[in-house]
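Let me begin by presenting the structure, written as structure tokens, before commenting on it.
Just so it is clear: chains get the letters A, B, ... in the order the sequence lines come, proteins before strands, and each one is counted from 1. As a basis for the values below, the full set of heavy atoms in this structure was taken, side chains included, without hydrogen atoms, waters or symmetry mates. Since we're looking at a predicted model, the values are computed, not measured.
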There are 2 protein chains.
Amino acid sequence: MTPITNFKSAAAEKRIHQSYFKIALSVDCVIFGYTEKELQVLVIKSDLKEFAGQWSLLGDLVRPEENIDEASYRVLEERTGLKNVYLEQVQAFGECKRHPSGRVVTIAYYSLIDISNHKLQLSDNDLCWRPVRSLRKMAFDHRQILDTCLQRLREQVFEKPLLFNLLPAKFALRNLQELYESVLGESLDRRNFRKKIAVKEWLRETGELERSVLHRPGRLYTRQAGSKR
Amino acid sequence: MTPITNFKSAAAEKRIHQSYFKIALSVDCVIFGYTEKELQVLVIKSDLKEFAGQWSLLGDLVRPEENIDEASYRVLEERTGLKNVYLEQVQAFGECKRHPSGRVVTIAYYSLIDISNHKLQLSDNDLCWRPVRSLRKMAFDHRQILDTCLQRLREQVFEKPLLFNLLPAKFALRNLQELYESVLGESLDRRNFRKKIAVKEWLRETGELERSVLHRPGRLYTRQAGSKR
DNA sequence: GGTCTAATGTGTATTAAGTACATATTTTCA
DNA sequence: TGAAAATATGTACTTAATACACATTAGACC
């Protein structure tokens with residue numbers, strides 16, 4: 001039970017508001033993409049003098065009348081133009097001093113989107129994709145948030161068919177394996193990888209072959225319709 | 001980036017405050033205990049008329065000057081008198097309508113404590129332990145929070161030496177197995193269970209035997225000092 | 001069209017982990 | 001002293017994970 005629950009009077013309510021409604025709530029989205037055989041994350045230059053020149057995740061304050069999940073979907077759509085993307089809450093970050101302008105508790109989400117999707121239009125020229133590996137220091141505690149989200153993603157990639165969200169509709173198994181390797185940060189045996197993926201029934205053959213590759217083309221697969229995210 | 005970061009003027013800051021600082025932030029603790037061969041959770045009767053007679057988790061609003069982790073430790077200590085207990089954040093719950101008195105986003109934690117610990121003094125007579133299985137409906141979205149925390153706990157019990165926190169310092173393997181069975185909701189084979197636990201090196205033999213049991217006493221074990229939570 | 005290149009596609013032996021299952025032993029109680 | 005109830009323990013079987021090699025194919029180039 002929280003003391004907010006029974007206001008004995010208007011004055012009591014005001015006191016409560018004065019003492020407690022001093023924390024702002026935000027969402028921050030770790031938006032993963034994949035290109036150049038590297039896992040990328042969508043970032044923006046921080047406009048705070050404290051973090052001049054540093055990269056920051058995409059986030060916004062949660063509005064009083066929207067659910068926190070809605071808030072993160074909103075951030076995502078405003079910034080990328082995409083709807084219906086994979087989005088998952090990871091956890092809250094609530095150190096008092098994490099935001100220099102005041103007390104802001106943030107709830108971290110990660111999202112997986114297909115960079116090559118033609119609908120993806122970055123609304124802001126300051127936005128850019130950066131390889132996860134290249135981001136050392138970030139604004140706020142955003143590097144910690146990114147690490148936490150990446151760790152969660154790694155734990156889930158063989159449990160749920162998540163990484164397909166980062167690829168175009170049709171892809172060769174080599175592409176998928178390189179993506180797994182990029183996410184996990186380790187190289188995988190091709191035969192064992194194919195076996196491991198095969199038993200999960202996440203994929204469907206399209207009957208098509210790769211084009212414009214300088215070697216024997218691989219079969220193209222697509223995500224199995226029934227495979228749950 | 002959040003729009004809060006650069007206040008162009010005092011007026012702008014006031015507007016921001018009026019529109020955004022309307023969300024209260026709370027923590028709710030799923031405090032697990034174990035007794036009577038049943039996983040228990042510490043609950044209190046809701047004092048809201050909307051939830052009359054229903055059980056509620058222990059929580060409180062986060063104070064402006066405390067970290068969210070500190071807030072949950074505070075709730076735990078205020079209610080149980082215990083410090084240095086295992087506590088882990090699970091996730092935030094932020095549906096707009098989850099709290100009838102206003103917009104309250106809560107961050108859920110779970111905690112594992114040893115009920116038989118003599119330092120445990122419930123500060124409030126309305127507090128009580130209830131078997132997790134017996135709690136059908138709860139106040140707010142607390143049953144959902146409990147389910148989410150229980151699921152997280154289940155995922156971790158063979159990864160980290162968590163469940164020892166629910167037992168007295170010395171215990172027989174049977175006690176441990178019954179605890180695992182209670183948490184997982186399924187029965188386990190004794191020999192396989194012992195093997196699985198043995199390889200983890202979480203336990204140390206005390207050299208003592210059970211007392212006052214109506215059968216051959218089992219060896220008493222204690223948690224291995226170096227085993228990380 | 002022949003050859004080179006670079007990647008695809010496939011199977012098996014080995015090891016590790018998980019599961020199923022039965023008997024002798026020890027203590028208390030009557 | 002015997003019955004009851006639980007402890008302690010090992011092995012065969014199945015499943016999952018790992019390590020590893022060779023024939024095949026399409027494109028590029030001559």
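Here the straight-line distance linking atom NZ of K196(B) with atom CG of L188(B) works out to 8.0 Å at 0.5 Å rounding. Rounding to the nearest 0.5 Å places CG of L146(A) at 6.5 Å from CG of L135(A).
Taking atom CZ of residue F158(B) and atom C1' of nucleotide dA17(C), one finds them 13 Å apart after rounding to whole Å. Between F193(B) atom CZ and dT9(D) atom C1' the separation is 16 Å, expressed in whole Å. Between the NZ atom of K196(B) and the P atom of dA17(C) there is a distance of 12 Å, given to the nearest Å. Going from atom CZ of R211(B) over to atom P of dT7(D) covers 17 Å, rounded to whole Å. A straight line from CD of Q177(A) to C1' of dG9(C) spans 13 Å, rounded to a whole angstrom. L173(A) has its CG atom 16 Å from the P atom of dA7(C), to the nearest Å.
Across all strands, R174(B) comes closer than 4.0 Å only to sugar-phosphate atoms, never to a base (heavy-atom distances). When heavy atoms are screened at a 4.0 angstrom cut-off, R219(B) is found touching the sugar-phosphate backbone but no base atom.
The bend of the helix from dG1(C)-dC30(D) to dA30(C)-dT1(D), defined by the angle between the axes of its first five and last five pairs, stands at 0° to the nearest 10°.
Applying the salt bridge (Lys or Arg N to Asp or Glu O under 4.0 Å) test to R190(A) and every residue at least two apart in sequence or in another chain returns nothing. Residues passing the ring-ring contact (aromatic ring centres under 6.0 Å, His included) test with F171(B) are F164(B), sequence neighbours excluded. For D141(B), the salt bridge (Lys or Arg N to Asp or Glu O under 4.0 Å) criterion is met by R98(B), not counting sequence neighbours. Residues forming a ring-ring contact (aromatic ring centres under 6.0 Å, His included) with F193(A) (at least two apart in sequence, or on another chain): Y180(A). Partners of Y73(A) by ring-ring contact (aromatic ring centres under 6.0 Å, His included), not counting sequence neighbours: none found. For E210(B), the salt bridge (Lys or Arg N to Asp or Glu O under 4.0 Å) partners are R174(B), not counting sequence neighbours.
Contacts classified as salt bridge (Lys or Arg N to Asp or Glu O under 4.0 Å) and involving residues 175-188 of chain B (residues at least two apart or in different chains) are given here: K37(B)-E178(B).
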Practice prompt. Using a 4.0 Å cut-off on protein heavy atoms (strictly under), produce a 5'-to-3' string for nucleotides 21-30 of chain C with B for base contact, S for backbone-only sugar-phosphate contact, and - for none.
Written response: BB--BBBSS-

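Remark: the K195(A) side chain and the dT18(D) base include a donor-acceptor N/O pair separated by less than 3.5 Å.
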